[in-house]
Protein chains: 4
Amino acid sequence: MHNNIQKKKPGRPKMTNDNNVTRDQILQTASQLFMTYGYDGVSMEQVADASNVTKASVYYYFKNKATLFTIAVSSMFRRIKEQTDKLLHSSKGLKHRLYEVTFEHLKRPHIDFETLLQEASLSLTEEHTEEIRTAENEVHQALENIFKQAMENGEIVVKNPLLLAHAFSTVTMIRNKKELITELGGPEITAQALVDLFWVGIGPR
Amino acid sequence: MHNNIQKKKPGRPKMTNDNNVTRDQILQTASQLFMTYGYDGVSMEQVADASNVTKASVYYYFKNKATLFTIAVSSMFRRIKEQTDKLLHSSKGLKHRLYEVTFEHLKRPHIDFETLLQEASLSLTEEHTEEIRTAENEVHQALENIFKQAMENGEIVVKNPLLLAHAFSTVTMIRNKKELITELGGPEITAQALVDLFWVGIGPR
Amino acid sequence: MHNNIQKKKPGRPKMTNDNNVTRDQILQTASQLFMTYGYDGVSMEQVADASNVTKASVYYYFKNKATLFTIAVSSMFRRIKEQTDKLLHSSKGLKHRLYEVTFEHLKRPHIDFETLLQEASLSLTEEHTEEIRTAENEVHQALENIFKQAMENGEIVVKNPLLLAHAFSTVTMIRNKKELITELGGPEITAQALVDLFWVGIGPR
Amino acid sequence: MHNNIQKKKPGRPKMTNDNNVTRDQILQTASQLFMTYGYDGVSMEQVADASNVTKASVYYYFKNKATLFTIAVSSMFRRIKEQTDKLLHSSKGLKHRLYEVTFEHLKRPHIDFETLLQEASLSLTEEHTEEIRTAENEVHQALENIFKQAMENGEIVVKNPLLLAHAFSTVTMIRNKKELITELGGPEITAQALVDLFWVGIGPR
DNA sequence: AATGAATGAGTGTTCATTCAT
DNA sequence: AATGAATGAACACTCATTCAT
């Protein structure tokens, strides 16, 4: 519209959020590092080096380590939630879908969220923790939704879908136990066995 | 029982490694701290202060932090193993015994062993890790034995007792999630619900 | 006087160094900040933020922090000198004029010039220091002129007007000692008492 | 006394406060540096280097920079107070004693206390500031006592000894103005002239 | 004219470790 | 057996400064 006189803004144009390659690079690098080595196990210099920028650049984008951690972990949770959500609309049976979630999980290297959070909590503010918890809950709710859907379909019989979601996401934490997984015959077989265990329980028939 | 009679030895008792009150004090303090705050989250000074000795004294008894950690964690595992072993000889049904193990677990504050180990692993030598793994395995074997016994009694039907032991010890890690536990109605009810879930599985009847 | 007639020039006025609103804004903000928090106590980012521009803009107008400081402080000295000069032509008695200078001083928040300069001196070049000294001297000379005038009028009896000027400007530095000023009954009374003290001395009559 | 069985304390004997050469070395070095370059102008590394110890050693004795500053400045004030107290009992006339105080002051290199404190105040806690203020007040009170004594002796006629003490300690701050002092003929003459000025005032006779 | 991005050098602080006593 | 003193290496964070746009 000719009414909108577009005064050219002075100065270097700001990168949009979607188009900030450096920031994204740092974020992705940071998530991986934090998931692998924990909060204290990762230094800002490590993050910088692995992102091919300087330490000061990391601080240009993120106020401090706690903030970087919070944003990195939260955005990772959101990616997981979206993956899980997609499964909700899959046509396959629940058992197979659980297998897929478990398998994805066993492949990725990471440490226990809960422990990670507790380790970091000394350095985080209330708001940081809250933000992460919110993102984490979204994952659990996505999982809970899958279970609810299966209940309505008569696929499973269970009382407490929320506890189920937690238990399931926890049980899949048998990871990094490389020796055990190898002993059992690799990630595929382990995933299959875990889901089976979960599915039939251990009580007598 | 004549085993329990503590005959007081004459003369000044020799301070052996097993009979050193200061060393034990440090060890116990250290385990608690490591379990609560992780490896990096605990400084040698903290351990010293909480043990009412000086930092240098801690180094008098333990060569370095990695060694202290290894010994502290291993001896803690051994204590847990003994507790679990006692359950093996209990006359109660398996389900109740699982409930007891789960309940004990939910009460104690601690972080995920696996994560803890991974966090520390940067500082540990091969031998350290091996020593801890050995102690940890003893716990799992004790648990596995309970499951095996139950299989022989016909109490449960399951294929893979080792995986079962791991899965069980992992699932009980729904701890520190105070909010979830509260939301579900406290540790007793949560423990009961978890065991139920494990017992009957989630598949259709 | 025809000198004062400001003929408005035709056409778009050229932005000269003296007629740049952004630059002036930065300068004024900077003087205040430097006077309040000292040289190291003020960062270029603070100056930029308080001036509603970006850090880079500050560097567009001023080569570096030392230059900004020099220009900001010097121009502030020149403003003070002009105020002091006006007093020279006042019809009131010297004692009252001293009271006014002292009172103005006690009201404004600022730190010791000398200390400020010494703190900054590590970062300043010879020329910078020279420029500030020159501006500062002008203030002292203005004050010296007031004293000289009073001597000629027979208002005061004193040997060394320059030392007097320094001593006076120094003694008025009893500021920021809010507690003392409050204890003595506020800035007006303190100003009066200080001038009195200076006027009659402390020796026996 | 033979009743006091002196159990030899284990470990390296603690250095008493009077006999801790390293700590004292750091303190003295720090006072000088802070007085010369201000709070921000002195880094912990500078202090360490100038004290011939490592940075970590400085932290062994002083919790942080603010604490080091507080203790260094306070103990310096206490040394000054003791010097001033000695003058109280001197048999010489007040004018001569003032000359001595002024001369001592002009010789030593330092920056304005008030400004120094304000600069540091951003980093100091309430308690730190309070501690320094207390030490500073002791100096002023010692000075006030000298003036009171002189009043009782009929040596001087003045209304407000506390203001006088402040004004005097402030006026002696004409230091570091090396050029001025040189121009006037050296510290001795400057000190003499300042006291004269203070003594007779500037009003007409 | 004005700005977003990026950085090198430095600062305060912590911590595991050593050593003489 | 136990300790005070001392340190090197690392870490989180800041800041003055530069540069392409």
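Each chain gets a letter, A, B and so on, in the order its sequence line appears, and its residues count up from 1.
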Using whole Å, report how far CG of C:L122 lies from P of E:dA9. 20 Å
In whole Å, I'd like the distance from the CZ atom of B:R23 to the P atom of F:dA2. 13 Å
Output for pair (A:Y37 OH, A:S43 OG), nearest 0.5 Å, gives 11.5 Å
Contacts of B:S57 that satisfy side-chain contact (heavy atoms from CB on, under 4.5 Å) - sequence neighbours left out: B:V53, B:T54
Rounded to whole Å, the CG-C1' distance (A:D40 to E:dA16) equals 15 Å
Could you work out which one of E:dG4, F:dA5, E:dA5 sits closest to the side chain of A:N20? E:dA5
Donor-acceptor pair, C:S74 side chain versus C:I71 backbone, under 3.5 Å? no
Going by an N to O cut-off under 4.0 Å, is there a salt bridge joining B:E136 and B:R133? yes
Among all residues two or more places apart in sequence or in another chain, which pass the salt bridge (Lys or Arg N to Asp or Glu O under 4.0 Å) test with B:E127? none
Interatomic distance, D:N52 CG vs F:dT7 C1' [rounded to whole Å]: 14 Å
For C:Y61, which contact category applies under a 4.0 Å heavy-atom criterion: base, sugar-phosphate, or nothing? sugar-phosphate
Polar side-chain atom of B:K65 near backbone of B:Y39 as donor-acceptor pair, under 3.5 Å: yes
Candidate nucleotides F:dG4, F:dT18, E:dT7, ranked by approach to the side chain of C:Y59 - the nearest: F:dT18
Polar side-chain atom of D:E119 near backbone of D:D40 as donor-acceptor pair, under 3.5 Å: yes
Side chain of A:Y60 - closest among F:dT3, F:dT7, E:dG4: E:dG4
Tell me if the OH atom of D:Y61 is crowded by more than 12 foreign heavy atoms within 6.0 Å. yes
Who passes side-chain contact (heavy atoms from CB on, under 4.5 Å) against C:Q28, sequence neighbours left out? none
Does C:S57 place a side-chain N or O at less than 4.0 Å from the phosphate oxygens OP1/OP2 of E:dT3? yes
To the nearest Å, how far apart are D:F62 CZ and E:dT11 P? 20 Å
Counting only heavy atoms and a strict 4.0 angstrom limit, can you tell me which residues of residues 67-75 of chain C come near DNA chain F? none
Quick one: stems involving DNA chain E, counted as three or more successive Watson-Crick or G-U pairs, both distances short of 3.5 Å. E:2-21 with F:2-21
Is the shortest side-chain N/O distance from D:T22 to OP1 or OP2 of F:dA6 below 4.0 Å? yes
Closest-nucleotide ordering on DNA chain E, the 5'-leading residue of B:Y39 and A:V53: A:V53
Report the residue (A:N64 or C:N64) whose heavy-atom-nearest nucleotide on DNA chain F is the more 5′ of the two. A:N64
In sequence, state the C-alpha distance, the side-chain angles, and the governing distance for A:H128 and A:T67, and then conclude on side chain to side chain contact (heavy atoms under 4.5 Å, CB included). CA-CA 7 Å; A:H128 287 145; A:T67 302; 3.5 Å; yes
N/O to N/O distances under 3.5 Å, protein versus nucleotides 9-11 of chain F:
none

Short side-chain to backbone donor-acceptor contact, A:K63 and A:L68, under 3.5 Å: no
Hey, does the side chain of D:E131 reach the backbone of D:T70 with a donor-acceptor pair shorter than 3.5 angstrom? no
